[in-house]
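Inspection log for the structure reproduced underneath, given as C-alpha cells.
What's counted below: heavy atoms across the whole structure, side chains too, no hydrogens, waters or symmetry copies. Chain naming here is simple, since letters A, B, ... match the order of the sequence lines and numbering starts at 1 in each.
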Amino acid sequence: MMRNYYHILSPCIVILFSITSQVSAKVLDQPDSVSQPYSEKDIEILFEKHCIRCHNGTMQKGHIRLDNVKLDFARERELWDKIKEQIVTNEMPPKQPFLSADQRLKFTDWIDAQKDKVDWSAHRQAGHVTLPMLNRTEYENTVRAIFNDGGFKKHLTHVDLFKTLSDDGVGDTGFSSDRDSPSLAMTGARLEKYIRITEDVLDHYLYTDRPITYQAEAEKMKATTAVLTPTANGIMIKANRDSLYTRWYYPRSGWYAINVKAWGERIDNRGCAEMVIYLDREEVGQVRLLATRAQPGNYHCLLWIAKGHHTLRFRPQRAGMTDDEAQLPVPPPFPDKPVIADFNDLGLGTGVYMCMDKMEIHGPLNQLPEDFNRNEQYREGLTGPPTRSIITQQNTPAAERNNDLGWEKQTGLTINREVSHQEISSKYTNVWVMPLVKTDFSAPPPVATLIAAEGTGRSAARQVISRFGKKAFRRPVSVKDVDFFLEFYDAEVATGADHRAGLRASLFAIMISPDFFYRIPQSGTARKERRLDSFEMASRLSYFLWNSTPDEELFALAEAGKLTDPKVVDTQVVRMLKSTQGKRAVGLFAREWLGYRELGVTIKPDDALFKNTYYANDIESLFKEETATFVNYIFSENRPLEELITADYAFWNKRLAQYYTGPNAATELLAASIHGSPDVDIAVPNGDYTLQLLLYEGWQSRSADITIEGKTIRQAYNIFDEQGKNFEHGSVLRYTFTLTDGNIDIEFKEHNPNFHLGGLILTKGQGHAADSTAVVKSNSDLDFKNVIKAINFGETKNLSVGNVNFTAAAVNTTVDGVTNKAAGDVYAGQFSQKLPTILVDKSYVQLGDDLRKVQLSANSNRGGLLGMGSILTVTSHPTRTSAVDRGLWVYEKLFGKHLPDPPVVPALEQGTGEAGATRTFREVLEQHRENTQCASCHNKIDPIGFGLENFDPIGRWRNIDGGQPIDATGVLPNSGTFEGPRELKHRLVTDKADFYRNMAQTVLTYALGRKLQYYDRSEVDKIVKQLMETNGQSHELIKMVAKSYPFNHATNHKKSEKSK
Amino acid sequence: MNKTRRTILRGIGGAVICLPALECFGEITDKNAPVRFGAMFMPNGVNPPDWVPQGVGEAFELSPILTPLQKHRSNITVVSNLMNETSSSDHIKLTSAFLCGQNHVGQKSEASIDHLIAQKIGTGSRVPHLRLGTEPPRAQGYLTCSNVSWNEDNVLLAPELNPRVAFDRMFRDFNSPEARRKAQGQRSILDAVLHRSKSFSRDLSAYDKQKMDQYFSSIRELEEQLDKIITPPTKTAAGWTPSLSANETTKSRPPEEVPDNAEEYMDALIDLMILGMWTDTTRVATLMMGHGLSRKNFAFLDGVNNDHHVTSHHRNNPQLLKEYEIICRWHVQRLQRMMDKMALIDEGGSSLLDNSLMLFGAGMSQGNTHSGSNIPILLAGKAGGAMKTGRHIQTATNTQHSNLLLSVLQKMGVNRERFGKSTGTVDLS
C-alpha cells in the first residue's frame, strides 16, 4: 500500500534542509564510514518503511499519525520529542522490520539537527520551579547563618546539631537542588526532627555567652572509698585503689576546660603517681603528677563533653619515672620511713598518692588554643564532634602557685605567660603542651553576645525578632508579623520566664513557620510572567552560590533595589564564588555533578584486594578533597572551563603525590625483598660492569658485610643508616668492577638476622672498582641506562620502571642467569612495616599535609578531572576498571550526551583468544565492535575508556594489566587518534561548543532546581555564545546563569504547571 | 471482626492458643494483645529455583534459601506465583510497587500497605509507623527505589538509617512533667503558626499547594502526637499491657556510630523493631534491608566475593549463582533470628510472634532478568490467630501481587475491596 508520503514535505515546512547544511560538529558523534548523516529523503524512506503502516490517516495506532507530520520543530516539538524517545528506547517500531542501532542513532541525530535550527528565543519562558523547600544542606547552612555560626565543620568548637537529619539524595536532575525530588517533602517524621533540632539549636546558640562553671573542692567530691585522707593542702587518694569523682549535668555539648590543682606524694621511692581521668567509663587521658607538695601543679585539660549527665573521675595509679625525673626535688626518700614526716600521724602506708586540692570545669568554649589544629589527634574532629581528646599541661610552679584560674568569659581563655612547653609523657603520644591563649578566628561575635548587648525587655525582643526574622524568611518582616511573633515572647514572659526564654519561644515559632522552610514565591501582579523582586533575587543568588540565606551585603543591595543591575550581579557573583561559603557550595555541586558523591557510600573498591593501598592510606577523603579543591579553583579563579579536563596543574599534598606519582614499581622493588642472607650468582661474560644493589629496611636496624667477587666492599652496611635513618626511602649500593671469572658472586654476611635485598640492576660500566651508596628518593637516583639484567627479588611480580622491565625472582630460583639462595622473602607493607616512598619528581618532596597547587611536568598524564582518583575510582568496579563506565561517564557528565539503553545483552566471551592466550580486557571489549548492533554506541564510549586504562581501579598509574602491557591508543570520531590520557584529553576539547553547552545546561539546571525544557534552549545558546567569546571563563558561565531569563523571572504561579 | 476471629482461633490445627484472660466464648476485649505488622524488603530478587518450596499446602519442603526457617516452619506461609505488576520490569518500578501494588514511576500510585495499616492501627502509638533502612538514597532516578513506603499524596516516606536516632525517637522521655510542659508550650505555638500559615497557600499554583499541604498535615500530625504526651491515654485496669515497658529500654540504647559490620547493623535495626513492638511503642514497622538497587558488598560472608547486585546478574554462572543463594539465605537468617526472639516474648500466653504478621520478600524475582513474575514472598507470624500458617500457597500463574497486599490489608483490619492492581484476594485464613 503505497501512500503518497511526499505530503510530509508540504510547504508548511519552516526550514529547508540541504545536504551541506551545518550539522554542528559533534566531537563524539560518529559519521558512519559508509554514509553521511541522514537527509530528508532518508528520513522519508524510514518513515515509509517503519512507521506509516500503523500511524497513518486511516489507522492511527496510539492516536499518533505520522503521514502528515510537519517539519516544524518548534510547534510540533512534543510530537517530535515523542518520536525521538520511541526510537531511542527502541520501543518503536514494535515489530519487523526494526530499525538498526545505526539507523536509530542517525534518525535521532537528524531530529536534533533540525531542532538546532529553530529560533527558540521566541519560545522563551521562565518555567516553573516547584515550591522550593530547603534541603538538608540548605537547612543547616541557613540555621548556622542565622546564628552567626560561620565556623562550620572545620571549626573545632563545631557542634553538630544536625546529624540526625537524613540524607535526602538527589532528584532526577542529579542534584540535591532539584525541587521535584520525591524526598524533598514534608512529613510528620521530618518535621518532628526539625523541631527537635530547633530546640537544640536555640538551647545552644542563645546561651553561648554563658559558659557554665562548676567548681569542687576535693573534699566535697565523691570518692570511691569511704576513707578520704584530708591533709592541710588537699585530699590524699591512694594510687591503684581509689578515686575522686563528680557527676554533673552539662547543658550543652562542646569543649570544656578542666583545671585540677594536684600533685603527687610518694611514701616510698618506687615510681610516682599518675592521674588518670575518666569521662563516664572511658579513659580520656593521663598525666604523671610530677608536681610536689612544695610546688603544686595546675593541670589543664580540654575535653569534649556531650550534652547530658556525665561522671568525671580522677584516679591515681603508679607510673614509672626516668632517672632524671626521679631526681626532681622531693623530700629525700628513706626506704624504711615515710617520706614526709607528718604523714606518720596519718598512718598511711607506703605507696604513691595523688593529692588533689580542687577542680574546676568551664565551658563550652567558643575558642580554642592556636596550636590546637596541629595535633593530628584532633583532626578527626573536623567532620564532627571529635572523640575524646586531651591536652595536658603543667605550668611551671612559679607562675601558677596562686593561680585562681581566672577564666575569661565569652571571648577567650587565660593567657599563661610563663608556661614552659614541655611534652609530658603520657599514654597519648600526640599530646601537646600549649598555653591556653586568647584566639581570634575572625568570626562574627556569637549571637548570644549580640543579644546580650541589646538589653532585655519587649523593645529589645522586637529588634531581635526583626533581625532574625529577616534572615529566616529572607525578607524584612512586616510589622504585623513581628507583632505576631512577639506574642509568644509575651506569653512566655508572663509565666515568669526571663528575656531569653521569651526570645526562645518567638524564635522557635519563626523556625517552624512555612516561610522559613519554603522559599514562597510572591504573588506579583503580572498576568503571565514577572520579574522576581529584590529579595527573591537575593535568595536565588545566595541559595545558588552558597546554599544559604543572603548575607548583610546582599540584603542591603536588595533593599536598595540594586540587584536588577547586571553589573552588580556580576560583582556579587564573583564575590560569592571566592568566599568560603561559595567554595563549600561549589564543592557540593562538584560532588553531585561528577558523581563521586557515591564514593565510599554505594561505590567502594574491594576491601580485601585494596586493603593495603586504598584503605590503609585513607585515600578516599583525600580524593574527594582534591577534586573539590580543583573545581573550586576553576570557579573562584575564573579559569577557562576546559581546564577542567586539560589542566596542567593539580592540587596535591605529599601523600597524594606519592600515591599518584610514586610508581608502584619502584616502591614494590624495594618493599619486596629476599629475607635472610642471600647468596647471589650471576652468570655473565667477562667485562666491565656496574652493579646496583637495592636495599630497604622497614622495621629495624640490620647490617651485613657485602662481598662482591670475593672483595668485601662494605663492612657492616647498615641498611637503616644508609637509607637516611628513617623508613622513608631505600638505599642503593653501586659497585663498578671488571669481571674475570664469568660469574658475579655476591655474598652477604649478616650481623643481624634477615638482611633484605630488594633487587639488583646490572649495567655495562667502566671498571673502576668504585663503590658508592645513595638514598633512593626518586627514580632518578637509580641508573637505568644500558641495563643488562634487572631482577626484583622476593615477590613474584614483573615490574617495570621507565623502560626497564624487572624480572621477578622468588627465593631459591635461578632467573635470567641470576641464582639466589635465600631462605625466604618478605614484603615490607605486609607486617605493618613501613613502605618506602619513591617519587618520580623530586619537587613533590617539598609538599606537606595541606593540598597545594602543583605544576605538573609537561608529559604528565595527571591533571584535570580524568586524572583524579575520585573520578577514576567511582567509575570502576570493585575489583577492576571499567572502560565502558569511564567512557560513558565522560560522554554523559562532561558532554551531556545520552545513549539509548542497550538491548538485552548476552555476556561477552571471556577467556581465551585466537592464539589460546588469555585475552586482555581490551580484547574482550573489542567484541563490542564486531557486532554492529553494539558498535554504534560502543564506538563512542569504549575508546575513551581505553584511553584511561593506565589508571587502575583505585586511580593509580599502571603499565601492565593481567601480565600484558596496556594499550591506551584509540580513535575518537571527528578528532583523530590519541595515545594515552594526555592526548585523549586534548582530543576531547577540540570542539569546545559541545562541552560549553553541557556546562551551561548543567549549571543552569542546578541553579534553577528543575529540568530544562525546550523553552530554555535560547538561554542556553546565549550562554554558550558568551563562553565561546570569552574562552570559556568560568565566571562568565556563572554570571550568565545568574542573569539569565529563567533565573530572574517567575511564571505567574496560578497558571503554571509542574515542569515535566 | 470478633466473631470471625474467635472462630478462626478454634480452627487452627488443634493447637489451642490461649490469649490472656480471654474467655473463649466471650467477646474480644482489649485484654488481647494487639496485632502488629512488619514489612521487610530484600533487594535484588532471588533465583526462583532456590526459593520456591517443593510441594504445595502444608506438606512443603523448605527450599535452600528458606532452610534457616526450619524451626519456624509452622509459623510461615510462603506464597508463590505472584506477579509484581508485570513480568518484566526494572529495579525502580518493582521496588516502588512492592507494598503499593502499582509503581510510582511517573505516576501517582497507591499508598503502601504499611502506611495504610499504620493509619488504621497505629494512631494511638507513640510512633505510628517505624521505618528503618540500611542504605542512603542513591543518585538520580534510583531515589525512587530507596524505600517502599509511600503515603496517599505520593510522598516517599523515608526510612531512618541511624539506630540511635530511631531509638531516641521511640524512647526518649515523654512522661515527665517537664516533657508534658514542653509539649504544651509547643502545642500552642504550632497551633498559632498553623493558623498564620493558611494564607500562604492562597496564591500558589495547584501543584505547589500540594506541597504546602504536606506541611499542614505534618503540623497536624505533630499536634496529635503532642496531645498524646500532654494527656497520655489512660489504660483501663483490665486492659492489656505490654510485657516490657518503655522505661526499661534505656540499657538498649544503641551507640552513636552505625556499626561497620553489616550483620550487626541489620540486627541492631531488627532489634529496634522488636523492642518497639514489645513495648507497644509502635505497631507497624518497615525495614528496608537494602536499597532497591543495592550494591552492598557481601564479601564478608564465607564463599562470597562480590556485591549483591553483581551476584543477582549471575548470567547463569555457577559461582555467582552460589553466591547469590548465600546472600539471599543470609537475609532469611536475619528473619529467622527475629522470629526466634519474637517467639520468646511472652505477651500473656501468646508470643509476640503469634501476635504479629510480617511480610518478608523482594519486589523482584529473577534478578538476572529483572523479572516481576513469581516474586519471593513469605508471611510470618499468626496475626493473633487470624492467619492459617505453616503452608505453601501457590496462586494461579501471574496472579497480581496486589491481591496478596489486599488480603494482608484486610487481615489487618483495613477495609478495602480493591488495592493497586488487584483482581481478587489470596485466601490466608
Side-chain angles (χ1 to χ4, degrees), chain A residues 128 130-131 133 163-164 166-174 181-183 185-193 195 199 481 484 487-488 491-492 505 508-509 512-515 517-518 520-521 523 592 595 597-598 601-604 606-608 877-879 904 906-907 1053-1058, chain B residues 104 128-129 131 135-144 146 151 153-162 165 168-169 182 185-186 188-190 192-193 196-197 200 202-208 211-212 214-215 217-219 221-222 225 291 294-295 297 299-300 305-307 310 315 317 369:
Chain A
H128 176 68
T130 302
L131 180 67
M133 186 171 118
K163 60 180 186 268
T164 55
S166 324
D167 181 356
D168 281 337
V170 296
D172 275 347
T173 56
S181 167
S183 63
M186 191 61 85
T187 59
R190 194 185 182 116
L191 187 58
E192 192 186 328
K193 274 191 185 169
I195 285 182
E199 287 169 6
D481 276 340
F484 172 78
E487 282 172 31
F488 300 109
E492 193 68 19
F508 181 85
I512 57 167
S513 295
D515 31 353
F517 290 121
Y518 298 93
I520 302 181
S523 30
E592 293 176 358
R597 182 181 184 275
E598 302 290 327
V601 178
T602 52
I603 295 190
K604 301 182 217 198
D606 187 72
D607 284 336
H877 288 194
T879 54
V904 179
H1053 30 266
K1054 277 209 155 106
K1055 294 192 184 342
S1056 61
E1057 47 180 73
K1058 177 182 167 213
Chain B
H104 287 263
H129 184 188
R131 293 182 297 272
E135 293 188 295
R138 282 198 67 208
Q140 263 169 295
Y142 298 110
L143 180 66
T144 313
S146 68
N151 74 9
D153 295 321
N154 227 38
V155 172
L156 202 56
L157 300 173
E160 178 58 58
L161 304 184
N162 185 309
V165 173
D168 284 347
R169 187 171 170 233
K182 185 150 78 146
Q186 285 183 356
S188 61
I189 297 182
L190 282 178
V193 165
R196 173 178 173 263
S197 313
F200 285 119
R202 237 194 340 248
D203 291 325
L204 294 175
S205 70
Y207 186 71
D208 285 349
K211 289 225 83 141
M212 192 63 101
Q214 289 163 6
Y215 169 82
S217 9
S218 305
I219 295 256
E221 217 180 293
L222 284 185
Q225 278 190 35
H291 187 278
S294 175
R295 296 209 168 138
N297 190 346
F300 67 89
N305 285 318
N306 287 287
D307 72 51
V310 164
R315 296 191 173 147
N317 172 313
T369 53

Selection from B:N162, B:L222, B:D168 maximising heavy-atom pairs under 4.5 Å formed with chain A: B:L222

Could you tell me which portion of [X] (side chain, backbone, both or neither) has an atom closer than 4.5 angstrom to a non-hydrogen atom of chain A?
X: B:I219; result: both
X: B:L161; result: neither
X: B:Q214; result: both
X: B:S197; result: both

Among the listed options [options], the residue most often paired with chain B at heavy-atom distances under 4.5 Å:
options: A:D515, A:I520, A:I195, A:T187; value: A:D515
options: A:T164, A:D606, A:L131; value: A:L131
options: A:M186, A:H877, A:M133; value: A:M186
options: A:G169, A:G188, A:P878; value: A:G188
options: A:S181, A:P182, A:S166; value: A:P182

Decide yes or no for [X] and [Y]: does some side-chain heavy atom of the first lie under 4.5 Å from some side-chain heavy atom of the second?
X: B:M212; Y: A:P514; value: yes
X: A:K604; Y: B:D307; value: no
X: B:V165; Y: A:K163; value: no

Shortest non-hydrogen separation from A:A505 to B:I189 and the atoms involved: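 Smallest interatomic distance, heavy atoms only, reads O-CD1, 3.9 Å.
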
Less than 4.5 Å to any heavy atom of chain B: does that hold for the side chain of [X], its backbone, both, or neither?
X: A:A189; result: both
X: A:D168; result: backbone
X: A:E199; result: side chain

B:E160/A:K193 ion pair, N-O < 4.0 Å: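 Looking at A:K193 together with B:E160, the answer is yes, because their closest N to O distance falls below 4.0 Å.
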
Gap separating the OG atom of A:S183 from the CG atom of B:L157, nearest 0.5 angstrom: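 Between A:S183 OG and B:L157 CG, I get 11.5 Å after rounding to 0.5 Å.
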
Plane angle bin for A:F517 and B:Y215 - parallel if under 30°, tilted between 30 and 60°, otherwise perpendicular: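 Tilted, since the angle between the ring planes falls between 30° and 60°.
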
